[in-house]
Amino acid sequence: QVQLEESAGGLVQAGGSLRLSCAASGRTFSNYAVGWFRQARGKEREFVAALDWSGHNTYYADSMKGRFTISRDNAENTVYLQMNGLEPEDTAVYFCAAGLDSGRFRYTVEYEYRHWGQGTQVTVSS
């Protein structure tokens with residue numbers, strides 16, 4: 001079992017930056033794909049970014065490309081999401097997730113991820 005805990009989010013002005021982290025504990029984290037999802041009020045949870053077990057392959061939702069960067073430090077069992085150029089539309093609860101990586105893992109698909117953090121609120125003011 002993998003337990004995930006996101007860092008505190010926060011309030012940031014439009015155009016600003018924020019870095020989220022997600023600390024993992026439990027099983028060997030390096031075997032897992034990791035992802036970030038978000039859910040805005042009244043909307044479905046959506047894919048943000050993902051990283052395979054090696055950290056060499058990244059995946060982003062179109063609206064996050066060029067603004068968000070996902071990374072991982074397996075030695076520290078931590079995943080990061082660097083968010084730049086934040087917009088009010090980025091306001092949401094952000095969740096980190098992990099799933100045992102395999103050759104068929106679908107990194108953008110929510111139900112591929114078995115383990116989830118509690119979520120952290122990010123609010124972007126205009």
Side-chain angles (χ1 to χ4, degrees):
Q1 188 76 0
V2 173
Q3 291 83 40
L4 303 172
E5 184 174 359
E6 299 95 346
S7 60
L11 173 64
V12 63
Q13 289 188 332
S17 298
L18 192 64
R19 188 177 81 157
L20 301 179
S21 62
C22 175
S25 60
R27 289 181 177 269
T28 303
F29 185 59
S30 59
N31 296 333
Y32 284 73
V34 291
W36 288 93
F37 291 76
R38 70 185 187 185
Q39 187 169 22
R41 184 174 297 179
K43 294 188 177 180
E44 300 277 325
R45 189 155 57 184
E46 64 175 348
F47 170 74
V48 174
L51 191 59
D52 74 349
W53 70 272
S54 71
H56 293 156
N57 298 299
T58 56
Y59 307 85
Y60 295 96
D62 287 343
S63 62
M64 286 71 165
K65 287 179 181 177
R67 299 192 301 128
F68 291 10
T69 302
I70 186 172
S71 61
R72 68 190 297 167
D73 183 340
N74 284 342
E76 296 294 326
N77 283 352
T78 303
V79 183
Y80 302 97
L81 183 69
Q82 177 67 44
M83 303 184 290
N84 299 326
L86 284 163
E87 304 165 350
E89 293 73 25
D90 295 315
T91 295
V93 177
Y94 284 72
F95 299 88
C96 68
L100 193 61
D101 207 343
S102 68
R104 297 182 179 181
F105 195 90
R106 292 170 292 180
Y107 299 94
T108 66
V109 176
E110 181 177 338
Y111 60 78
E112 288 279 329
Y113 295 85
R114 182 177 177 182
H115 310 284
W116 290 82
Q118 294 296 311
T120 187
Q121 178 70 47
V122 172
T123 302
V124 184
S125 63
S126 58

Any sub-3.5 Å donor-acceptor pair from [X]'s side-chain atoms to [Y]'s backbone N or O?
X	Y	answer
Glu6	Gly119	yes
Arg67	Gly85	yes
Tyr60	Ile70	yes
Glu112	Gly99	no
Thr78	Asp73	no

Distance-only donor-acceptor check, side chains Tyr59 and Asp52, under 3.5 Å: no
Between atom [atom1] of [X] and atom [atom2] of [Y], what is the distance when rounded to the nearest 0.5 Å?
X	Y	atom1	atom2	value
Ser125	Leu86	OG	CG	10.0 Å
Ser102	Trp53	OG	CH2	12.5 Å
Arg72	His56	CZ	NE2	10.5 Å
Tyr113	Thr108	OH	OG1	7.5 Å
Gln121	Arg41	CD	CZ	7.5 Å
Asp90	Thr123	CG	OG1	11.0 Å

Cluster overlap Leu51 with Trp36, hydrophobic side-chain contacts below 4.5 Å: yes
Common cluster, Val93/Val124, ILVMFWY with side-chain heavy-atom separation under 4.5 Å: no
Between [X] and [Y], is any pair of side-chain heavy atoms under 4.5 Å apart?
X	Y	value
Arg38	Glu46	yes
Met83	Val12	no
Glu110	Trp116	yes

Which heavy atom of [X] sits nearest to which heavy atom of [Y], and what is that distance?
X	Y	result
Asn84	Ser17	OD1-OG, 2.9 Å
Ala24	Val2	CB-CG1, 4.2 Å
Ser30	Asn74	CB-ND2, 3.6 Å
Phe95	Gly117	CD2-O, 3.6 Å

Parallel, tilted or perpendicular: rings of Tyr94 and Phe68 (30°, 60°): tilted
Whether Phe105 and Tyr107 hold their rings parallel, tilted or perpendicular, with breakpoints at 30° and 60°: tilted
Residue of the set Leu81, Val79, Asn77, Val34 for which side chain to side chain contact (heavy atoms under 4.5 Å, CB included) holds with Cys22: Val79
Worked check of side chain to side chain contact (heavy atoms under 4.5 Å, CB included) between Tyr32 and Arg114: CA-CA 10 Å; Tyr32 284 73; Arg114 182 177 177 182; over 6 Å; no
Enclosure of Glu87 CD (heavy-atom neighbours >12, cutoff 6.0 Å): yes
